[in-house]
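Before any comments, here is the structure.
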Number of protein chains: 2
Amino acid sequence: MATTTAAQQRARAKAEYDAFLAACPSRELLSRISGKWVALVFAALGGNAPRRPGDDCTGEPRPMRYSELARTLAGVSQKMLTQTLRSLERDGLVRRTVEPTVPVTVTYELTDLGVSLHRTMRGLKTWAETHMDDVIANRATYDTRTG
Amino acid sequence: MATTTAAQQRARAKAEYDAFLAACPSRELLSRISGKWVALVFAALGGNAPRRPGDDCTGEPRPMRYSELARTLAGVSQKMLTQTLRSLERDGLVRRTVEPTVPVTVTYELTDLGVSLHRTMRGLKTWAETHMDDVIANRATYDTRTG
DNA sequence: CAGTATCCAGCTAGATACTG
DNA sequence: CAGTATCTAGCTGGATACTG
């Protein structure tokens, strides 16, 4: 009988790897931007969503109010919008400004860090627009081949 | 009383938006690459993981066998490794080759499409390595400010 | 060697209702 | 207007055991 079982060795490897994964900045970033509404909030605050349906996008970052974001991201629940904005604020990607009017006025805008991340994410957008058709086609082919 | 209730209007907006979201290539791509093991598989097959702990990375894409991948991605379960590889194969990002030896030899390698996506993802990696420290610091500041 | 099959915990996100 | 609070369904990923 070995001094460490296979299960123990796997548990140790897992613990080490979990630590590595948790510390890995790329993984951290991926989980950051892959939230369901994160990319949409970036697009809206980054000026890549039309102000109104049908309008052109300016491509210029601009502040937006909570209710305007809620309208632009049609379908988002209040809970998820607030949660998403809060976590982005916590990470310093979005700035939240409260004006003490009655009722209060709250605006959100991208920080410099947020703008920089938004620019990086547009590389993904470009790849997606260029190649996702191929991916979808590959899926269809695979599915018919395998029944 | 209105002819459509607020709940009905929201449901309609949600249905439309869900369709938009499902069709959005960027969202599709994000969910594709944000799987826990996807980036690691890309790094391994793309030559950005050391062949053995301590080795330098070649940066050259190369085929790897299933067991070699399992060793490189320490901590991955067989289920998740197989599932990840299958889905990448389905999307045409990874090619799976079976040699009918006894027992069988199976190798995985990036396709051209996979290499192209891997290159795009390195933009994220660069941003992460440059800026994630700031993000972590921002988090800490936010947490102390809010208690 | 390279998988399948089954079961289960934890997390993400949505629905709904309420408030300073 | 801009939230908070609570409950819950569904999905992702992990543990474990078995196989051509």
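Just so we're on the same page: letters track the sequence lines, and every chain starts at 1.
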> CD of A:Glu99 versus P of D:dG3: gap in Å, rounded?
Replying inline: 13 Å
>> Can you confirm whether B:Asp134 is buried at CG, in the sense that more than 12 heavy atoms of other residues, nucleotides or ligands lie under 6.0 Å from that atom?
In response: yes
>> Please report the interatomic distance CZ(A:Arg139) to OG1(A:Thr144), rounded to the nearest 0.5 Å.
In response: 14.0 Å
> To the nearest angstrom, how far is A:Leu73 atom CG from C:dA13 atom C1'?
Replying inline: 14 Å
> Got a sec, which pairs hit ring-ring contact (aromatic ring centres under 6.0 Å, His included) with one end in residues 92-146 of chain B, sequence neighbours left out?
Replying inline: B:Trp127-B:His131
>> Just to be sure I follow the notation: if a pair is Watson-Crick (purine N1 to pyrimidine N3 plus N6-O4 or O6-N4) or a G-U wobble (N1-O2 and O6-N3), each under 3.5 Å, what dot-bracket string does DNA chain D give, with | for pairs to another strand?
In response: ||||||||||||||||||||
> For A:Val104 and A:Ser77, take the nucleotide of DNA chain C holding the closest heavy atom to each; which residue's nucleotide lies nearer the 5' end?
Replying inline: A:Ser77
> For the pair made of CZ in A:Arg32 and C1' in C:dT12, what is the distance, rounded to whole Å?
Replying inline: 13 Å
>> Just N and O in the side chain of B:Tyr108: are any of them under 4.0 Å from OP1 or OP2 of C:dC1?
In response: no
> Do any side-chain nitrogens or oxygens of A:Arg65 fall under 4.0 Å of OP1 or OP2 in D:dA2?
Replying inline: yes
> Taking DNA chain D as the partner, which of residues 79-98 of chain A come within under 4.0 angstrom of it by heavy atom?
Replying inline: A:Lys79, A:Thr82, A:Arg86, A:Arg96
> Which salt bridge (Lys or Arg N to Asp or Glu O under 4.0 Å) pairs, counting each pair once, include a residue from residues 73-90 of chain B, with sequence neighbours left out?
Replying inline: A:Asp143-B:Arg90
> Within a radius of less than 6.0 Å around CG of A:Asp56, do more than 12 heavy atoms belonging to other residues, nucleotides or ligands occur?
Replying inline: no
> For the pair made of CD in B:Gln78 and C1' in C:dG3, what is the distance, rounded to whole Å?
Replying inline: 7 Å
> Over how many whole Å does the gap from A:Leu30 atom CG to D:dT12 atom P extend?
Replying inline: 16 Å
> Between atom CE in B:Met64 and atom C1' in C:dA2, what is the gap in whole Å?
Replying inline: 15 Å
>> Quick test of your reading: applying salt bridge (Lys or Arg N to Asp or Glu O under 4.0 Å), list the pairs with at least one residue in residues 93-106 of chain B, sequence neighbours left out, ordered by first then second residue.
In response: B:Arg95-B:Glu109
>> Output the rounded distance in Å from CH2 (B:Trp37) to P (D:dT12).
In response: 16 Å
> Should B:Glu28 and B:Arg32 count as an ion pair when the cut-off is N to O under 4.0 Å?
Replying inline: no
> How would you list, by chain and number, every residue that makes a side chain to side chain contact (heavy atoms under 4.5 Å, CB included) with B:Ala128, sequence neighbours excluded?
Replying inline: A:Pro25, A:Ser26, A:Leu29, B:Met132
> Can you name the nearest heavy-atom pair linking A:Asn138 to B:Gly92, along with the distance?
Replying inline: ND2-CA, 3.6 Å
>> Using a heavy-atom cut-off of 4.0 Å across all strands, would you classify A:Ser67 as base, sugar-phosphate, or nothing?
In response: sugar-phosphate
>> Expressed as a whole number of angstroms, how long is the span from B:Lys36:NZ to D:dA15:C1'?
In response: 13 Å
